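Below is one structure, written out as structure tokens; the observations come after it.
Keep in mind the model is a prediction, meaning the values are calculated, not measured. Heavy atoms only: backbone and side chains are in, while hydrogens, waters and symmetry mates are out.
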Amino acid sequence: MSDVSTTKSMDDIMSLCKRRGFIYQASEIYGGVNGFWDYGPLGAQLKKNLRDAWWQDIVMNPCQGKPGPKGDPVSIVPVDTCIIQNPKVWEASGHVGGFNDPMVDCRETKSRYRADHLFCMGEKGDKSGQIYAFVENNDASFDAALKKLGKYKKKELTKDDIDICPLTDLSVDELAITVGPDAKEVGTLTEPRAFNLMFKTYLGATATEDDIAYLRPETAQGIFINFKNVVDTTRVSVPFGIAQTGKAFRNEVTPRNFTFRSREFEQMEIEFFCHAEEANDWYAFWRDWRMQWWQEIGLAGENLILREHDKDELAHYAKEGAGTSDIEYRFPFTAPGYGELEGIAHRSNYDLNAHQNHPDSNTKLEYLDTTRGELAKNGQPKGERYLPDVIEPSAGLDRGVLAILCEAYTPDPERPSKVFMKFHPRVAPIKAAVFPLVNKDGMPEKAAELHQLLVKKFGHLGKIETDPKQSIGKRYARMDEAGCPFCFTIDGDTLTDGTVTVRDRDTAEQKRIPFDDVVQFVATGLGLT
RNA sequence: GCGGGUGUAGCUCAGUGGUAGAGCGUCACGUUGCCAACGUGAAUGUCGUCGGUUCAAAUCCGAUCACCCGCUCCA
């Protein structure tokens, strides 16, 4: 395998992220806090640029003008919903149940099981003998437990000779005489412990159990609960999408792999609503276009893949739909495997249905589609009421940033910095740099002039750097590590013949262009023309 | 949550019981004419944290926190 990702060291990338101000450990001066990361000056701009690129290509100019499956323009509107919502939102969505799975650990085999997936067996009528646990719906596990029980009892046992009960029904004393699946010793299973993946907080100052609220574990539900508002107040019609970016929070059991699995993270989500008949086409459309988008933003190589989920790994809401695809990136820490950047899920009408049917919501969420239904006497369709299906392209912004950092990291022993960050110009935090060759003879003044010009023109897209100090090579090297695509150098000739040197980050090659062409050069380089 | 590893300057790391170091980076001044040039000078650390052993701890012991790896988990 010749891919570069396996030769890149995550330690080196993390070290550069710290050294150059991309990403810091959160609360570092207090020893850090597990699962949280702060973005430094370059990282914050990089992240904003990625978010802005998404916003531009999803909300402002959906799919860059690419028409949908039927040839119509893609319609998307934005929202910005709260991190804290009525807790009933999370009951309806299934998060309050699903995010509270109790787990059991085995001290002997170091295995962990979902407590509700474990069952145990003992000989009929024997209240004191050892109990043997096995994994639900796992014949091998069941047979092994039965065999161990038989060996313990020193007789052949069959299914008819045993009692079975859920592990969660066992008392502490019974757990102490239980042998775990795959275990040899008795009493190695821990008591079931709840792993609450949602962050809790309390509304109001009294902080009683009645005031519990949750930080959202995904931004999607904020969109679903506003579906009716958007339909009622905006001139949208199905098919259309609602998009938002924002923070979400999950109390991950094991935050790991730099920012890849953080407890606080930012999502970029679209919920695209369409008629069930068209859902499969829209699913394929979004899946392919989102893949193309990540490629265009700089993840063009073989480290990016589109992977269709197997049936057995589909989430509960996706069972009925066309499926789920992941756009995955081969990170240094996952190689040769991949880690998820974005999931495109066909959620059918699971979420709208759940909210409509929650006993306390009491709101009809059905959409009246006036383009469907039988024709009335006047020749107009009578309309059809339905809960739209949903295609959900849900991307992790922090994961996108991390993938871009990993992809951009390019070792190059030939250059002074030994490494440069090959960001796509669109996401590069520093768009251009202007340097006087030396800090005298009118060059700094000329450089300041060009710098101001570029700031005025491109400053809204990212940082325009300038620096009159130290040697030119040192300044180039710094820009290499920051991933600045273009450096313009003012020298003596600039003052006489009106040209500047432009240095290309990726090739380190230099050429002279007229001072007056610099703005156009940058515009072209950033893909603005 | 389990097991293993790591933790010393911004980064990479040396330092195995006796006055905290190096390289690079950063900053200042000078110099400098296209790839971390050079000269001079400077700043930066409760050696992750807390406790213990000791006349004496970066060093030994314990706990704890964070990160990395393997499990586990992952809407």
Side-chain angles (χ1 to χ4, degrees), chain A residues 9-12 14-21 24-37 40 90 93-95 97-99 101 103-114 188 190-191 193-195 197-198 217-218 220-221 248 250-258 260-261 267 269 309 313-318 324 332-333 339-340 343 345 347 350-351 392 394 412 414-420 435-441 443 468-481 487-494 500-503 505 508-512:
Chain A
S9 146
M10 204 56 215
D11 286 346
D12 291 345
M14 289 171 71
S15 146
L16 181 136
C17 283
K18 172 77 191 291
R19 192 168 73 243
R20 284 298 165 198
Y24 310 126
Q25 189 178 14
S27 305
E28 192 181 71
I29 64 169
Y30 289 103
V33 52
N34 197 349
F36 296 88
W37 300 88
W90 312 113
S93 69
H95 287 90
F99 268 39
D101 299 330
M103 308 294 292
V104 171
D105 286 323
C106 177
R107 298 186 192 92
E108 179 189 330
T109 65
K110 310 303 176 197
S111 302
R112 166 174 294 169
Y113 310 92
R114 267 178 64 167
T188 61
T190 63
E191 287 179 61
R193 284 171 290 198
F195 287 80
L197 263 52
M198 277 201 293
E218 63 175 28
Q221 298 304 324
R250 286 181 202 166
N251 219 341
E252 296 288 354
V253 178
T254 312
R256 193 61 75 86
N257 290 332
F258 203 22
F260 183 77
R261 181 172 299 141
Q267 293 185 301
E269 289 201 308
H309 276 208
E313 62 177 319
L314 291 180
H316 59 83
Y317 56 73
T324 298
F333 49 79
E340 179 185 349
R347 294 177 78 116
Y350 178 91
D351 302 274
E392 178 194 72
S394 169
D412 181 359
E414 296 301 309
R415 56 179 86 199
S417 56
K418 307 294 185 224
V419 63
F420 67 106
F435 300 134
L437 182 59
V438 288
N439 196 14
K440 61 180 185 183
D441 299 339
M443 296 179 210
K469 295 183 177 178
Q470 299 178 313
S471 74
I472 191 67
K474 188 172 261 194
R475 286 173 282 169
Y476 286 158
R478 268 198 288 259
M479 287 304 100
D480 274 348
E481 282 198 335
C487 294
F488 300 97
T489 301
I490 308 294
D491 59 18
D493 294 343
T494 307
V500 302
T501 302
V502 51
R503 172 191 184 268
R505 175 197 64 199
E509 279 170 7
Q510 304 188 22
K511 62 179 179 183
R512 297 199 74 88

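Judged by atom type and distance alone, A:Gln510 reaches the base of B:rC34 through a side-chain donor-acceptor pair under 3.5 Å. Side-chain atoms of A:Tyr476 and base atoms of B:rC34 include a donor and an acceptor less than 3.5 Å apart. A donor and an acceptor atom sit less than 3.5 Å apart, one in the side chain of A:Arg256 and one in the base of B:rG70. The base of B:rC73 sits within donor-acceptor range of the side chain of A:Arg261, with an N or O pair under 3.5 Å. Scanning atom types as modelled, one donor and one acceptor separated by under 3.5 angstrom connect the side chain of A:Thr501 and the base of B:rC34. For A:Arg20 and B:rA36, a side-chain-to-base donor-acceptor distance below 3.5 Å is present, hydrogens and geometry of angles not being considered.
For the 3.5 Å distance criterion, the side chains of A:Asp491 and A:Thr494 qualify, holding a donor opposite an acceptor. Counted by atom type alone, A:Glu269 and A:Ser394 present one or more donor-acceptor pairs between their side chains at under 3.5 Å.
Taking the ring centre of A:Phe488 as origin, the terminal cationic atom of A:Arg503 falls outside the region bounded by 6.0 Å and 45° from the ring axis.
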Show me the protein contacts with nucleotides 41-51 of chain B, counting only N or O atoms at under 3.5 Å.
none

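Two rings, from A:Trp37 and A:Phe258, have their centers less than 6.0 Å apart.
The shortest distance between the side-chain N/O atoms of A:Lys18 and the OP1/OP2 oxygens of B:rC11 is below 4.0 Å.
The aromatic rings of A:His95 and A:Trp90 lie perpendicular to each other, with more than 60° between the two planes, well past the 30° mark.
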